[in-house]
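First comes the structure, then the notes that go with it.
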There are 2 protein chains.
Amino acid sequence: MIFSQDKPVTSTDKTFILLRDDIVEGQITAGSKLSETELSTKYAVSRAVIREAINRLEACHIVERKANVGARVVALTPEGLLELYQVRESLEGMAARLAALNMTDEEIADLQLLLDGHFDEVKGGNSYYQEAGDVDFHYRIILGSKNKHLISMLYDGLYHLVRMYRVQLGMAGPRVTTAFDEHKHIVKAIANRDAELAEMLMRRHILYSKNNIQHKLT
Amino acid sequence: MIFSQDKPVTSTDKTFILLRDDIVEGQITAGSKLSETELSTKYAVSRAVIREAINRLEACHIVERKANVGARVVALTPEGLLELYQVRESLEGMAARLAALNMTDEEIADLQLLLDGHFDEVKGGNSYYQEAGDVDFHYRIILGSKNKHLISMLYDGLYHLVRMYRVQLGMAGPRVTTAFDEHKHIVKAIANRDAELAEMLMRRHILYSKNNIQHKLT
DNA sequence: TATTGATATTTTGTCGACAATAAAGGGTGT
DNA sequence: ACACCCTTTATTGTCGACAAAATATCAATA
């Protein structure tokens with residue numbers, strides 16, 4: 001849990017989040033160069049905090065840096081998306097497995113409630129809440145794994161990249177109703193404490209999601 | 001591929017590696033505080049490069065930092081080891097799966113050669129080369145996955161932590177001959193392009209390894 | 001005209017100093 | 001003696017300036 005869950009306190013924290021969101025939401029275009037002096041005037045902070053923010057973005061795999069040359073926002077490629085979802089499948093599968101073992105009964109009940117709440121919105125066909133709901137669902141399970149590394153890697157690292165692809169390639173998805181069913185099955189497996197099944201279902205869920213996005217991309 | 005594979009060029013790179021190794025090898029004790037001023041005199045560089053080095057160590061989960069307070073080397077706990085191996089199982093399992101799909105025939109042949117070479121040393125009972133050989137083997141497969149994220153997470157991140165546990169808890173392991181057999185089976189699965197089996201065998205291999213270490217730890 | 005080499009300019013890397021925050025210590029009052 | 005508050009001290013966070021490296025500019029030559 002390095003980055004995000006604690007509220008930003010220092011100036012670098014805030015700048016890091018601003019810069020990250022500007023990149024993820026496409027305000028700063030993918031593949032573009034990040035000039036330290038330029039950014040320091042834009043965000044009205046010193047170059048030192050910009051540097052530190054860029055370093056954190058590098059650790060998130062959102063920018064790439066070459067020594068004595070500078071940093072660039074990563075490019076969004078089909079291969080990159082594929083690799084990203086391979087790692088997601090692996091890590092979130094393990095997260096589901098561990099969640100089935102480590103979540104408390106109360107947490108599982110809460111998760112079920114969350115899903116029931118989303119059910120109404122799915123019927124209403126509200127796409128925005130559908131995506132937010134999807135993210136919420138995955139977060140719960142990630143946190144339910146109770147594994148620090150897993151949480152940090154997914155929460156602080158991969159998810160912003162995933163969102164970057166979603167936003168900039170215009171994936172408001174449909175596939176919401178089917179995804180909702182998959183969510184239901186995963187929760188059921190977790191409630192049954194069936195770690196093996198929970199992992200398998202989650203991996204399939206992410207695999208389908210990848211295929212869906214990839215299909216649109218080509 | 002953020003950190004290690006490119007040779008260190010900048011002063012920060014070198015200091016980062018020095019500092020990391022001092023921590024991993026136990027020169028700087030686990031759980032201890034990292035004073036920026038103190039380290040800057042010790043390594044004869046400015047506080048700025050120490051800060052940046054510490055930031056990178058934080059991204060590797062080797063140190064933890066609190067705003068306005070400072071950074072501490074992580075503590076080595078049984079739970080931490082468990083969590084680490086859970087992530088390893090997940091990621092290296094996926095790496096083996098992808099390696100079975102993406103490694104070239106030549107790379108697989110090389111891997112087999114590597115294993116044959118280790119076989120002699122295993123018979124000789126040289127424990128140092130056994131561990132180095134184990135690391136080599138895992139590296140090959142990780143690289144064979146051809147997945148940037150996977151490579152970076154394992155190579156730059158987790159492996160130094162794994163080594164930190166190994167060194168500081170004195171795990172020169174035996175289990176070498178049995179591990180060697182497991183390696184052979186994994187390579188066989190990869191050579192057969194059986195991704196499913198390769199992943200499963202790798203996961204078991206890491207699980208056994210975890211159990212072995214954990215058994216010693218308690 | 002294309003290429004190579006030197007020069008100039010821009011950008012990153014490093015440093016020391018100052019500001020802000022948190023921890024430590026001492027004093028006072030109950 | 002104990003607790004609380006204020007002062008002091010030490011450590012981190014932020015800044016601007018300088019050094020070094022890479023890139024761009026331009027001139028001379030083949």
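Any value given below was found using the heavy atoms of this structure, including those in side chains, with hydrogens, waters and symmetry copies removed.
- Nearest nucleotide to the side chain of V69(B), out of dG13(D), dA22(C), dT12(C): dA22(C).
- In this structure, CD1 of I54(A) is placed 8 Å from P of dT12(C), rounded to the nearest angstrom.
- Here R51(A) reaches the OP1 or OP2 of dG13(C): one of its side-chain N or O atoms lies under 4.0 Å away.
- For the pair D156(B) and R20(B), the salt-bridge criterion is not met [side-chain N within less than 4.0 Å of a carboxylate O].
- Proximity of T10(B) to the phosphate of dT12(C): no side-chain N or O atom is located under 4.0 Å from OP1 or OP2.
- Contact annotation: T12(B) side-chain N/O to dT14(C) OP1/OP2 distance is under 4.0 Å.
- Between S46(A) and the phosphate of dC15(D), there is a side-chain N or O to OP1/OP2 separation shorter than 4.0 Å.
- Look at E36(B) and R51(B) and you find a salt bridge, because one of the NZ, NE, NH1 or NH2 atoms lies within 4.0 Å of a carboxylate O, short of that distance.
- If you take CD of E52(B) and C1' of dT12(D), they are 16 Å apart, rounded to a whole angstrom.
- Atom P of nucleotide dT12(C) and atom CD of E58(A) are separated by 13 Å, given to the nearest angstrom.
- Atoms CD (E38(A)) and P (dT12(C)) sit 10 Å apart, rounded to a whole Å.
- Across dT14(D), dA21(D), dC15(C), the shortest atom-to-atom separation from the side chain of N68(A) is found for dA21(D).
- Along DNA chain D, the nucleotide nearest to A67(A) and the one nearest to R47(A) differ in position, and the one closer to the 5' end is contacted by R47(A).
- Atom CZ of R72(A) and atom P of dA22(D) are 17 Å apart (whole Å).
- Note on L34(B): only backbone sugar-phosphate atoms sit closer than 4.0 angstrom, heavy atoms only; bases stay farther off.
- Spacing between atom CG of L39(B) and atom C1' of dT12(D) amounts to 13 Å, rounded to whole angstrom units.
- When the nucleotides dT12(D), dT12(C), dT14(D) are ranked by their closest atom to the side chain of V49(A), dT14(D) comes out on top.
- In this model, the phosphate group of dT12(C) is approached by a side-chain N or O of K33(A) to a distance below 4.0 Å at OP1 or OP2.
- A salt bridge is defined here as a Lys NZ or Arg NE, NH1 or NH2 lying under 4.0 Å from an Asp or Glu carboxylate O, and E182(A) with R203(A) fails to meet this definition.
- Under 4.0 Å is where a charged nitrogen must lie from a carboxylate oxygen, and between K42(B) and E38(B) no such pair does.
- In this structure, E79(A) does not pair ionically with K148(B), as no charged nitrogen and carboxylate oxygen lie closer than 4.0 Å.
- Protein atom CD of E36(A) is 16 Å distant from nucleotide atom P of dT14(D), rounded to whole Å.
- Between dA23(C) and K66(B), no contact under 4.0 Å exists linking OP1 or OP2 to a side-chain N or O.
- Between the CD1 atom of I50(B) and the C1' atom of dC15(C) there is a distance of 13 Å, given to the nearest Å.
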